[in-house]
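Both backbone and side-chain heavy atoms feed into the values below; hydrogens, waters and symmetry mates do not. Counting from 1, the numbers follow the sequence of the chain as shown.
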Amino acid sequence: MNRLSFCDTPLLRVAYLAGGPEDGPPVLLLHGWPDDATTFADVAPVLQVAGFRTFAPWLRGFGQTAFHSKETMRSGEIAAMAQDALDLADALGIRRFAVVGHDWGARIAYLLASVFPERITCCAAMSLGWQPGAAATPPLEQARAFWYQWFMATNRGEEIVRQDGRAFARFQWESWSPPGWFDDVLFDKVAISFENPDWADVTLHSYRVRWGEAEPDPRYAELARRQIAAKTISVPTLTLHGEDDHVVLAKSSEGKERHFIAGYDRRLLPGVGHFPAREAPRQVGEMLEEFLIASSQ
């Protein structure tokens with residue numbers, strides 16, 4: 001059973017769900033936007049039964065995860081959240097761990113795997129292919145799908161996120177996957193995580209800084225430099241991508257094999273959109289179990 005726990009890191013009080021054998025190989029499960037740690041609710045038990053110890057934190061700005069100080073910049077940089085993940089692992093006494101990420105969590109997972117291979121046993125990413133180097137302007141079809149990111153770079157987009165972020169988030173859920181994959185009860189439960197007082201700040205900064213429309217947090221300058229400099233990933237890697245993902249198009253994760261030097265497997269999920277762990281939990285759980293077991297041998 002997953003249990004809600006809290007852990008203090010240098011900057012955060014992190015809320016997380018943990019479960020599985022206490023001595024099992026640790027797996028960090030990182031959610032995306034707009035989502036929360038419960039995206040792994042039906043996947044984590046599969047991994048736990050297989051003997052893994054899972055930890056699913058709410059990222060900064062989500063749920064009950066909170067900053068210790070009001071003075072800390074509410075950065076949404078991937079480098080900031082990757083450091084959060086390392087800080088959490090350190091606070092929990094975990095030296096090496098597998099990382100599984102979705103959306104923002106996938107970006108974090110790739111950063112950890114590329115920059116800190118000594119800490120990561122293997123990496124699984126959902127709904128995103130790895131693109132080494134600085135963010136490049138996407139092809140026009142993908143740029144159109146990223147409309148919400150460009151929108152948030154405007155004052156009017158900021159106003160929507162701050163005044164009606166819940167509706168804005170729900171529109172993404174409705175748009176990013178085939179219709180009918182969720183109901184009001186599920187969304188309303190997850191949307192409680194968006195009531196965190198730092199959610200809007202972290203959200204806006206994350207998408208703005210990604211495209212050079214906001215200043216980064218100097219605290220993470222060196223890690224961001226190392227992130228951009230990384231050219232390969234040297235731990236076993238699995239990428240899962242829904243064929244019907246309407247926001248990060250499946251074609252965007254094609255042709256990445258050359259970047260992985262310790263094994264790479266990309267699998268497409270027919271009929272699945274942007275939220276594989278919620279839309280096809282059994283399929284995702286089985287694929288992750290197989291991958292994690294193989295990577296631990």
Side-chain angles (χ1 to χ4, degrees), residues 7-12 14 16 18 24-32 37 40 47 52-60 65 75-135 202 206 209-210 216-240 253 256-266 288 291-292 294-297:
C7 183
D8 287 312
T9 68
L11 296 184
L12 301 170
V14 180
Y16 66 95
V27 182
L28 194 60
L29 305 172
L30 302 173
H31 70 82
F40 299 104
L47 305 182
F52 294 94
R53 177 72 172 169
T54 66
F55 301 87
W58 277 260
L59 301 181
R60 55 168 58 195
T65 292
S75 172
E77 294 165 77
I78 297 303
M81 291 182 278
Q83 187 62 57
D84 292 343
L86 289 176
D87 290 344
L88 175 62
D90 289 344
L92 294 171
I94 299 170
R95 175 59 187 168
R96 300 192 75 226
F97 55 94
V99 61
V100 177
H102 169 246
D103 190 79
W104 282 15
R107 294 181 185 275
I108 299 167
Y110 286 135
L111 187 158
L112 293 173
S114 62
V115 178
F116 301 100
E118 72 279 3
R119 300 291 303 270
I120 306 302
T121 59
C122 59
C123 167
M126 287 182 276
S127 308
L128 188 80
W130 187 48
Q131 180 61 55
V202 171
S206 188
V209 76
R210 182 179 301 176
D217 186 340
R219 183 191 303 265
Y220 305 104
E222 174 58 19
L223 180 50
R225 184 198 66 77
R226 294 177 66 187
Q227 174 188 9
I228 292 174
K231 304 301 181 187
T232 59
I233 287 178
S234 59
V235 302
T237 302
L238 170 68
T239 296
L240 302 179
S253 64
K256 306 293 185 180
E257 291 80 5
R258 66 188 183 280
H259 301 308
F260 300 88
I261 60 178
Y264 177 67
D265 186 7
R266 171 180 177 263
L288 289 176
F291 170 69
L292 291 171
S295 298
S296 63
Q297 295 175 344

Q | Arg226 to Phe116 six-membered ring, cation-pi geometry met (6.0 Å, 45°) | A | yes

Q: Measure across Leu223 and Ala79 and return the closest heavy-atom pair with its distance rounded to 0.1 Å.
A: CD2-O, 3.3 Å

Q. So Ile120 and Phe97, side chain to side chain contact (heavy atoms under 4.5 Å, CB included) or not? Walk me through it.
A. CA-CA 5 Å; Ile120 306 302; Phe97 55 94; 3.4 Å; yes

Q: Please report the shortest heavy-atom distance between Arg119 and Ala89, naming the atom on each side.
A: NH2-CB, 3.9 Å

Q) Which heavy-atom pair separates Leu30 from Ile108 by the least distance, and what is that distance? A) CD1-CG2, 3.5 Å

Q. Side chains of Leu28 and Leu88: closer than 4.5 Å at any heavy-atom pair?
A. yes

Q.
The criterion is ring-ring contact (aromatic ring centres under 6.0 Å, His included); which residues satisfy it with Phe291, sequence neighbours excluded?
A. none

Q. Looking at Thr232, Leu112, Val235, which hits side chain to side chain contact (heavy atoms under 4.5 Å, CB included) with Pro117?
A. Val235

**Q.** Non-hydrogen side-chain atoms of Lys256 and Gln131 separated by less than 4.5 Å
**A.** yes

Q | Residue pair Phe55 / Pro26: nearest heavy atoms and the distance that separates them | A | CE1-CB, 4.1 Å

Q) Does the side chain of Thr239 come under 3.5 Å of the side chain of Tyr110 through a donor N or O and an acceptor N or O? A) yes

**Q.** Nearest heavy-atom neighbours spanning Arg53 and Ala18
**A.** NH2-CB, 3.9 Å

Q) What's the shortest heavy-atom distance between Leu292 and Cys122, and which atoms? A) CD2-SG, 3.5 Å

